Every structure is written in C-alpha cells, then in structure tokens.
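In each ligand, atom 1 is the first atom listed, and ligand 1 is the first ligand listed. All figures in this text were calculated on a predicted structure; none of them were measured in a lab. Along the sequence shown, residues carry numbers from 1.
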Amino acid sequence: MHRIDNFCAGPCTLPKSVLTTAQAELLNYRQSGMSIMEISHRSKLFEPIHFKTLQLARKVIAAPDEFAVLLLTGGASQQFAMSAMNLLQNNNRGAIINSGVWADKALEEARRVGEMVEIWQGSSTNFTSLPDLTDFSIPEGTRYLHITSNETINGLQFHQLPDVSVPLVIDASSDYYARPIPWERCDIVYGGTQKNLAPAGLTIVFVRRSLLKEHPHLPKYFNYKTHADSDSLYNTPPTWQIYLLGLSLEWIQSQGGIEHFSQMAEQRSALLYQAIDASSFYQNTIPAAYRSKMNVVFRTPSEALDTLFWQSAEKQGLSGLKGHRIVGGIRASLYNALSLDSVKRLIHFMQTFEQLYG
Ligand code: PMP
C-alpha cells in the first residue's frame with residue numbers, strides 16, 4: 001500500500017509495522033473478542049500493556065529510578081501550567097529562556113500561576129539564536145529554569161542543555177526520544193507523544209521524585225504526586241494511545257534505541273541543510289549551532305513561491321511542508337519514523353522546483 005512522505009509537524013508519521021500490528025489486533029485483541037479501545041483500563045488485559053509501556057518509556061530513554069514516569073493527558077500545553085503549579089509555591093519565582101513561539105506560550109501560562117522572569121529572549125535576532133550556555137546566570141531566589149529543547153515553529157534546538165544550580169524543566173515535545181537526556185541536569189522533562197512516538201492525546205512526564213509533594217491547595221489532578229502514587233491510573237487514561245506508545249517504544253528499541261534515532265536525526269537534517277546551503281534559492285538564516293535537527297525551516301525568494309512550493313510538493317506525495325501560520329515559509333519536520341529516503345525525495349523535489357522557478 002502506498003504511503004506518502006509525511007513532513008507534518010505533528011501529529012505525524014508512525015512506523016508502518018506499528019500500524020500493521022494495531023490493525024491486526026484491532027477487532028479482537030488476544031482472542032478477547034474486543035478491541036483495546038473497548039477494554040477497561042483496570043482489566044487483566046490492559047494492565048500488562050500499561051505497565052509494559054510505563055517501563056519502556058523509562059528504559060528506552062534511560063531515565064533513572066530517581067524519576068517518576070507519568071502518562072498524562074492535556075498535552076505539553078497543560079504542562080506549561082502544571083510544572084509551574086507544582087514548583088511555584090510560597091510566592092517564589094521561576095525563570096525561562098524565551099527561545100521562540102513555544103517558550104513564549106510556556107511563559108504566558110506559567111505567569112498565570114506565579115512570577116516568571118524571562119532571563120533571555122531571542123526577539124532581537126527574530127528568534128534565530130539561542131543564549132550562550134557557558135555565560136549564564138540565574139537570579140537569586142529562582143525556583144526553577146524552564147527551557148524548550150527544540151522550538152518546533154522557529155526551527156531552533158539546544159544541542160547542549162544548560163547545567164544550572166536550580167531545577168531544570170524541559171519542554172522536550174519535538175525532540176523527545178530522538179536524543180539522549182542528561183538526567184543528572186534535569187528535574188522535570190515533558191512532551192506530547194504526537195511527533196516522535198505515537199498518536200496525539202498522551203504526554204510523557206518525568207519528574208524527579210524529590211519534587212513530588214503534597215499540595216493541599218492544588219486540585220488533585222494537577223499534582224504530579226497524584227499520578228506518581230497511582231502509576232498513572234488515577235483516572236481513566238487514554239488506553240488506545242498507551243497501547244500504541246508501547247508498540248512504538250518496542251519499535252524504537254528494535255531499531256537501536258535513542259542512539260540510533262539521534263544519529264538518524266543528525267543524518268536526515270544534515271542532508272537537508274546541505275541542500276539548502278548549496279543553493280542560493282533556498283534560505284535558512286539560523287546559525288548551524290542552533291539549527292534544529294527535527295524541524296528544518298526554509299524559504300524561497302518569495303512568499304508566493306513558498307506557497308507554490310508546498311502546494312506542488314503535496315501533489316507529489318510530499319506532505320505537510322507548509323510553514324506554521326505564525327512564521328510562514330516552509331518547514332520539513334523530520335521525526336523518528338521518517339525514512340532517509342523521504343528526505344532524499346524532498347531534496348530531489350527541491351532541486352527540480354529550483355530549476356523551474358530559480
Ligand atoms: N511545545 C512544543 C515545543 C510543541 O512543539 C508543541 C506542539 N507542537 C507544544 C509544546 C504543545 O503541545 P500540545 O499540543 O501537545 O499541547
């Protein structure tokens with residue numbers, strides 16, 4: 001069966017073998033006469049799926065036991081507020097590096113919870129750069145630092161993560177499970193599954209156990225401890241997503257784990273950036289040190305050509321290349337399940353398009 005080359009920013013392409021297994025098991029899971037979607041989350045059939053997925057979510061990314069792993073709903077957007085709710089108690093304040101659209105949204109949400117200091121922001125370079133992490137200070141009395149490891153819309157990525165003396169909170173939504181995580185530097189790591197892992201509707205959150213506290217004034221659902229204490233079965237979890245996440249994590253493991261996928265991310269993005277840099281028709285103005293390996297943004301000489309580019313690409317089975325509406329241009333998202341051949345086909349299309357309109 002024909003499948004297109006899917007460059008969408010998320011939800012995005014999933015491994016074909018995962019979809020085939022899900023298809024084969026859809027109507028009658030393990031001779032139960034039911035699909036996974038029709039089974040109680042507290043049943044003997046679902047429990048092994050749930051606990052296997054929790055265990056794999058930790059194992060595949062090598063998260064140590066000092067971290068609780070939580071499977072939540074509400075997306076990374078909910079974590080913008082929830083991380084602040086759990087950390088900003090007693091009128092203390094948090095800090096954030098405002099690296100682009102998503103960091104800005106995280107800031108706006110955390111400010112609804114408490115005081116947040118923007119210790120760096122990239123508007124002076126139109127969000128094409130990131131701070132120098134070797135020359136970095138955090139104001140006294142700061143409770144935590146929030147960063148966005150990969151800016152999905154602006155096409156920027158922290159290739160190293162900061163080493164700071166306060167708890168580090170990372171929105172890893174768009175490079176989750178595509179790079180190793182230096183756990184000794186982190187305290188909360190969160191991200192939705194809809195890019196590198198599984199369908200939308202599920203958020204994987206790692207929380208350092210020493211941060212799990214009773215918060216009598218927080219609604220229970222918003223306290224990480226509630227979910228850590230109940231193995232992410234406090235309320236009905238998104239069972240179908242958890243099942244697919246489990247299959248996808250097994251696939252990641254079978255392909256060589258995070259090491260393999262971080263090499264793949266390097267290869268896919270290097271090929272595409274080389275093609276952009278080799279041409280004077282396509283442009284990406286982000287310095288190499290900050291360029292994202294997951295979301296490659298670029299432009300042609302005009303907005304009209306940008307539109308023609310992604311529209312023509314779509315017709316040739318290269319899908320999802322339209323830049324985000326806030327920034328325009330073209331964006332190719334290169335997540336775990338995208339093959340190198342898809343990138344090669346995109347580059348071939350770019351060269352043909354340049355010959356026609358360059
Ligand atoms: N942070 C980043 C870096 C993202 O890319 C996204 C989604 N594209 C979000 C947060 C928001 O995630 P969600 O839609 O799962 O709430």
Sub-4.0 Å atoms of ligand 1 with respect to non-hydrogen atoms of Ser173:
1 (N), 2 (C), 3 (C), 4 (C), 10 (C)
Which residue holds the protein heavy atom closest to [atom], what is that atom called, and what is the gap in Å?
atom                    : answer
atom 16 (O) of ligand 1 : Ser77 OG, 2.6 Å
atom 15 (O) of ligand 1 : Gln194 NE2, 3.0 Å
atom 11 (C) of ligand 1 : Trp102 CZ3, 3.4 Å

Please check if atom CD in Gln255 has more than 12 non-hydrogen atoms from other residues, nucleotides or ligands closer than 6.0 Å.
yes
Any nitrogen or oxygen of [X], main chain or side chain, under 3.5 Å from a nitrogen or oxygen of ligand 1?
X      : answer
Thr152 : yes
Asp171 : yes
Gly75  : no

Side-chain donor or acceptor of Ser83 paired with backbone N/O of Gln79 under 3.5 Å:
yes
Backbone N or O of Leu212 within a donor-acceptor pair of the Asn86 side chain at under 3.5 Å?
no
If you measure from each non-hydrogen atom of [X] to ligand 1, which part falls under 4.0 Å: side chain, backbone, both or neither?
X      : result
Asn150 : backbone
Lys195 : side chain
Ala76  : both

Do the charged groups of Glu266 and Lys293 touch, with an N to O distance under 4.0 Å?
yes
Side chains of Ser17 and Thr20: donor-acceptor distance under 3.5 Å anywhere?
no
Scan side-chain atoms only and decide if Tyr243 and Glu25 contain a donor-acceptor pair under the 3.5 Å cut-off.
yes
Phe298 and Phe309 aromatic ring geometry - parallel, tilted or perpendicular at 30°/60° bounds
perpendicular
